[in-house]
Amino acid sequence: MDTTAQHGTVKERPQASTPRLTLSGISKSFPGVRALHDVSLSLYPGQVTALIGENGAGKSTLVKIMTGIYQPDAGTISIDGQAVTLPSAHAAFGHGITAIHQETVLFDDLSVAENIFLGHAPRTRFKTIDWRTMRKNAKEVLETMGAGHIDADTRLKDLGIANKHLVAVARAMSIDARIVIMDEPTAALSMKEIEELFLLIEFLKSEGKAILFISHKFDEIYRIADRYTVFRDGEMIGEGLLKDASQGQIVRMMVGRNVDHIFPQRKATIGAPVLTVSGLSHPTEFDNIGFELHKGEILGFYGLVGAGRSEVMQAISGITRIAKGTIALEGKPIAPKSAADSIEAGIVYVPEERGKQGVVIGLPIFQNVSLPSLTRTSKSGILRLAEEFALARAFTERLDLRASSLSQDVGTLSGGNQQKIVIAKWLATAPKVIILDEPTKGIDIGSKAAVHGFMAELVAQGLSVIMVSSELPEILGMSDRVVVMREGRIASVYDNKELDAETLVRTAAGIAA
Amino acid sequence: ENVKIALVVKSLGNGFFDAANKGAEEAAKELGDVDIIYTGPTKATAEAQIEVVNSLIAQKVNAIAISANDADALVPALKKAMDRGITVISWDSGVAPEGRQLHLNPSDTGLIGETIIKLAADYLPEGGDVAILSASSTATNQNAWIDAAKKILPEKFPKINLVATVYGDDDSAKSTDEAKGLLKSYPNLKAIIAPTTVGVVAAAQVVTDENLIGKVNVTGLALPSEFKKFIDNGASQAVALWNPIDLGYSAVYLAHDLAVKKEEAKPGATLSIGRVGKVTLDDTNSAAMAPPFQFDKSNIEKFSKIY
Amino acid sequence: MTDTPAPRHIPDRLDKPLSSAIFSWEALLVVVAIAIFAINSFASPYFLDPWSLSDLTFNFTEKALIAFAMALLIISGEIDLSVAAIIALASTMMGMAVQAGAGTPALVAIGILVGLGCGAFNGLLVTRLGLPSIVVTIGTMSLFRGIAFIILGDQAYKGYPPSFAFFGQGYVWSVVSFELVLFLVAAIIYWFVLHRTSFGRRVFAIGNNPIAAQFSGVRVDRIKFILFCLTGLMSGIASVLITSRLGSTRPSIAQGYELEAITMVVLGGVSILGGAGSILGVVLAAFIMGLVTFGLGLLNVPGIVMSIFIGLLLIIVIALPILWRRLRGNS
Amino acid sequence: MKNILRYREIWLLAAIAVLIGLISMRFPGFADPANLRQVFNDTSILMILALGQMVVILTRSIDLSMASNLCFTGMVVAMLNAAYPAIPIPLLIVVALFVGLVLGAINGLLVWRLNIPSIVVTLGTLTIYRGATFVISGGAWVNADQMSPDFIGFQRAAFLGIPVLSWIALLVITLFFLLMTRTALGRSIYAIGVNPTASVYAGIDVGRTKFVVFCISGMIGGLAGYLWISRYVIASVEVANGYELNIIAACVIGGISIAGGIGSVGGAVLGALFLGIISNALPVINISPFWQMAISGSAIILAVVLNARGERRQGRIILKKAEAA
Ligand SMILES: Nc1ncnc2c1ncn2[C@@H]1O[C@H](COP(=O)(O)OP(=O)(O)OP(=O)(O)O)[C@@H](O)[C@H]1O
Ligand SMILES: Nc1ncnc2c1ncn2[C@@H]1O[C@H](COP(=O)(O)OP(=O)(O)OP(=O)(O)O)[C@@H](O)[C@H]1O
Ligand SMILES: [Mg+2]
Ligand SMILES: [Mg+2]
């Protein structure tokens, strides 16, 4: 392990340029958690540095320190060799640091222009906001980035997710940022959006920005990044040039053991149809959706972000109302009116937005896991804590959760570990059909293997799975069949045998082969 | 061990009751062995007054003399006080007979009703429209006076036409709104009668603001010290009130009579109220102190210095 | 080539340092209550008397009954400002029933049912139309009391049957009043419901994240509706008690009770933002408020000055743990 | 957003016009310009207060202590005036603004520094400030007679035929309009309401902005304190008791979302005007005062229902976009 820690340090440090930003000896603790311990990081102009680490390794914490949101307990930050302090987000701006955070942090109810210029709007002679200049500048910024199609006056909530990302980047450009940080920007994006984002990153590179890029997807890291820094359990393990390091080496640094993510081999023993959906329509979101899910099958749902997959799944599980159509479970028609109804019937939906729809921050882990199963863990309405703990332990340990105790507030877990709670809580209801919406979003490579392994095991036991995913390898590696959706309608259904990535992407984007 | 007599008022801070307290202290000095506890809620509600009464019971006072915010709601609490051997009388604003041993009216109810109309009528020889701006709609004494006034109106003041009764809740803002409403709705209004010290000030201010001095006469019950300005500027010709100092003085005397001298409060009994004289109880064990006293340009200066 | 590590064992709980129990909210409230009790006993010779202590409980029992239901409602992220107005309307309806010759059982039923009905009305507006409860109940606060005013105007209802007086004035045993017994019973029931049942657990979940709760199969609207009904019901019960204690009804009855009940809930450590709180805290807060007002009353301190103490207590008790944590963090 | 806001205000304006129309049917003089001017004057204080409350509500906070602040500051200036009638009125107004500012700053500091939810802080200071009024005055009232003629006369003096009180209201409205649309502070206030977390990330000092907002509402409370006392010419502990709810009701009727981030100066003004007209009209059209409470309660509920309709989010509308594309 010592050898890996040494990998790519001093000797191999490239002399290309001096770092624009240097963090050294940074430590940060939260009550009961040591998130960062004596870590260092350097960012170079015109280069992309990838920050790599397991869930909870401390990546986002470091980002928040670099943007003035958290204060480090120890350590120094210097920009162009000058030591600086970043007491607030505003101060970080002043130094040209900007970030696209892991959670979307923009203003839905404000216009695009305001989102870009909030906090540094152009002023008139009288120190009042100069709306006209602001709009004009917004338009210019968007155009230089090749995002001229976004109208500066629209409200942000009317934009698609990819465009929202563009606005976030535009904001970074508008303050003439010299350091741009992106914390898992691709987690919720599908191929097409990711390509657009990469073009942008190339553009930023060419402008000489120093870029920090955080992702759990190695293919992306190798495509876009020049250097890497690896964290494990809040400590820096190694750094260097990516061209000198193999994926295996990096993963070993990251996890401290060998992990090779191969999708589990499954013997498809596909049985009778379990879930039959036909003619499902919604006034505005989707139209005439029909498919069959068989016992022991994993049915993948692919599409560009915003294709309406999540809405369909939410309709099937009773969360949104439908206008027309039927849903039958094991031949019996059902009409769930709420998630409670569908959970009772045996269909569960694992939502994609973990912070908003998934975890209940403020409640401890075990209560989160037991929440959908309360009727089983309690007796005539009276709670039985022992049962709750047992249930929570069974599922969280299986998913390799990193937590200090089951009574810990889920809000203090890292993003990826929260995602494990989300999966655990719905699996714990022992359903017949489970719908997983972007199940491995933001999960590190080791845990991803655990989730996939668990899925395979469940299916082997006769559970049926619908897996909505925007991640091609996952879709290709896990599904027996794939439904592709485009703009609220089913574009095509493929058997996995006949499938390749290109067909999927073309169908999803509506480009004829 | 001195005799503890609690003077419980509708709400603290009201100039009228502060004056009554002056009288109470005067009586205490005369009687020698009496301590006065001057107390009351800040907000004129029955519930708050009950909490005050409860704490007085706990302090084992010898007598409670109360001006009640609600004639009925206080009865259970005061009954409890009497059960625990405390003398209870009401004054100014009364309590239903079962909740007290006797009630001291500041003046005869009928007489007050007549006086408030007369104050307006005196300056309206040809008659005309008048309206009443009262305190809260639940105020016992105001309601009794208004009833009395209405009863007496047809026979004694046929030319006076009472067009409306509105309630300002003893809140200056609400009273102002109501007074303005009256002036708008009844363009021929000749007088506003406000039998409440808060309402009368609000009404007089509105008449002053709207430049209606000389056209609309404000009258009613007012404390001279608070109202002098409006007699001076002509918004009002005259108002009336009884002497709150005497009222507080008499209440303490009566409470002392019952609590210490063990006089019995029964219909027909005659009790002494020190320098103010004597009162005789009627068949509801109520007594009236003195007729209301009228203030106008001639005497307001003098009385405004006293209360 | 993948090494599978043995799953890490995650303990149920970490052993908490003793200090965290000592500095819990409830412990803080117990200390405050004992301190006030001691100060009262020193300050007034009349305080330590069974009857005084019994009378003291009347200062908070009615409000506390509402506060229990309000605590659940606030934990779920909603609020009800109309409780005092519900008392007024329920009392008015009971008054009308008396005029029509109703007996005691009918009166109690009417009081409770009107309360329940008003609560259901609030609940429907909030859950069916998706309106913010703070605004809805500011509206119904005027509406309910307004109806009482329309019905009663400047009149009062009285003449409640003698047997009706028991609820607000009666004693179950020696100095133990019916109101106090009801308060204790309600405290136990609400404690059990909030802390020991799946319903209570769901209330917490809704307060922390209503959307995730809904996705987890919690019937959010139904539970919120039930909580509004409960709050209305408790207001109805309080209305029976207070009407019985006063022996009469005016439309201005119980004015300002909503803020006192909410103060009790907040002082009891319930997060006004929802999601956290305990019934024990509310019980302690009720006692504290009763002790403060009664103790100061014995010293004949005007009510408004008492309210300064309550206001200060509210802010200080909430600020203390924050300041404490900050001081400890710095050292 | 602008469009919908404008839409909502027009709605409210229409509602007010209908209301005035209905009242005029019962009482023809009501729609006279002279009378409307008077209604405006009568509502001025509520409008000013509603604007102060608006900025607080926009940041997802609430100030329940405004009416108590008004009461306290009013008492301070009244007592000052009674004791030193020579102090010129403009100076007294400065004193009122300052005292209000201090009270507001206390709220703001507790919210900012200790991070206590504003509803809790102001629930506490609601009783503390009113109690403090009792303490400084010893419970005694200050009467019309103790106030100087200037003190009472200032807001009543007419300038271009319109009372100074109305001018003050117009001035405050203008200032707030500029604040909300033309300054960075104004935009920060909206941003905090729309998304507090994002505001932190955008470099807005959320805590300090909230502090400033409470200072503003405090100053407004203080100003209203002088205006109220000199208008109703009595200063007592009971002044404006419970009025905080009227202020909030005016904001709610004006379409200011209690969840923060949505609302406008025009809305707050119209909301106050709506309530002002109702309380002005009821006595005039001879509706029993006992109906007033129920009517304004119903108006509030109706307003919230209508506002919620307008605010209701539409779905993402994938299909429509697909057709358009
Ligand atoms: N506000 C907080 N309070 C307590 N603990 C925290 C807090 N924020 C983060 N942590 C802890 O700090 C550690 C690092 O978390 P961080 O979010 O930086 O991880 P990460 O590397 O970004 O993980 P992921 O890949 O899952 O996003 C975790 O153990 C987390 O539980
Ligand atoms: N127009 C949009 N506005 C806001 N958020 C969006 C938008 N489009 C997508 N998102 C967000 O992006 C993420 C993924 O997209 P989302 O799941 O909503 O797309 P979808 O329509 O459900 O279809 P699909 O699941 O096929 O991508 C979610 O977090 C979602 O909230
Ligand atoms: Mg992270
Ligand atoms: Mg989706």
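Naming: A, B, ... by sequence-line order, numbering from 1 per chain. Values below: every heavy atom of this structure, side chains too, minus hydrogens, waters and symmetry copies.
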For this session: Could you walk me through whether Ile304(C) and Thr133(D) pass the side chain to side chain contact (heavy atoms under 4.5 Å, CB included) test, one step at a time?
Result: CA-CA 9 Å; Ile304(C) 189 141; Thr133(D) 314; over 6 Å; no
Problem set entry | From Ser307(C) atom OG to Phe134(D) atom CZ, the distance as rounded to the nearest 0.5 Å | 10.0 Å
Problem set entry | Contacting region of Leu312(C) [heavy-atom separation from chain D under 4.5 Å] | both
Problem set entry | Proximity breakdown for Leu126(D) and chain C, heavy-atom pairs closer than 4.5 Å | side chain
Exercise. What heavy-atom pair brings Ser142(C) and Gly297(D) nearest, and what distance separates the two atoms?
Worked result: CB-CA, 3.4 Å
For this session: Might you point out which heavy atoms bring Ile301(D) and Val136(C) nearest each other, and give the distance in Å?
Result: CG1-O, 4.3 Å
Problem set entry | Shortest non-hydrogen contact from Leu114(D) toward Ile322(C) | O-CD1, 3.2 Å
For this session: Could you pull out the closest heavy-atom pair between Arg113(D) and Arg326(C), with the gap in Å?
Result: O-NH1, 2.6 Å
Exercise. With distance as the sole test, does Thr127(D) use its side chain to make a donor-acceptor pair with the main-chain N or O of Ile308(C) at under 3.5 Å?
Worked result: no
Seminar exercise, completed: Scanning both residues in full, the closest heavy-atom pair of Leu123(D) with Ile262(C) reads CD2-CG2, 3.9 Å
Exercise. What residue, out of Pro117(D), Gly131(D), Ser298(D), has the most heavy-atom pairs lying under 4.5 Å from chain C?
Worked result: Gly131(D)
Problem set entry | side chain to side chain contact (heavy atoms under 4.5 Å, CB included), paired with Ile128(D), selected from Leu314(C), Ile310(C), Ile315(C) | Ile315(C)
Exercise. With only heavy atoms counted, which part of Val252(D) is less than 4.5 Å from chain C, the side chain, the backbone, both or neither?
Worked result: side chain
Exercise. So, for Met293(D) and Gly146(C), which heavy atoms are closest and what is the spacing to 0.1 Å?
Worked result: CB-CA, 3.6 Å
Exercise. So which part of Ile62(D) gets closer than 4.5 Å to some heavy atom of chain C, the side chain, the backbone, both or neither?
Worked result: side chain
Seminar exercise, completed: Bottom line for Leu302(D): the part with an atom under 4.5 Å from chain C's heavy atoms is neither
Exercise. Can you say whether Met306(C) sits under 4.5 Å from chain D via the side chain, the backbone, both, or neither, judging by heavy atoms?
Worked result: neither
Exercise. Thr263(C), Leu267(C), Val305(C): which one forms the most heavy-atom pairs within less than 4.5 Å of chain D?
Worked result: Thr263(C)
Exercise. In terms of heavy-atom pairs under 4.5 Å with chain C, which of Leu245(D), Val121(D), Val135(D), Val120(D) leads?
Worked result: Val120(D)
For this session: Tell me, for Leu125(C) versus chain D, whether the close heavy atoms (under 4.5 Å) come from the side chain, the backbone, both or neither.
Result: side chain
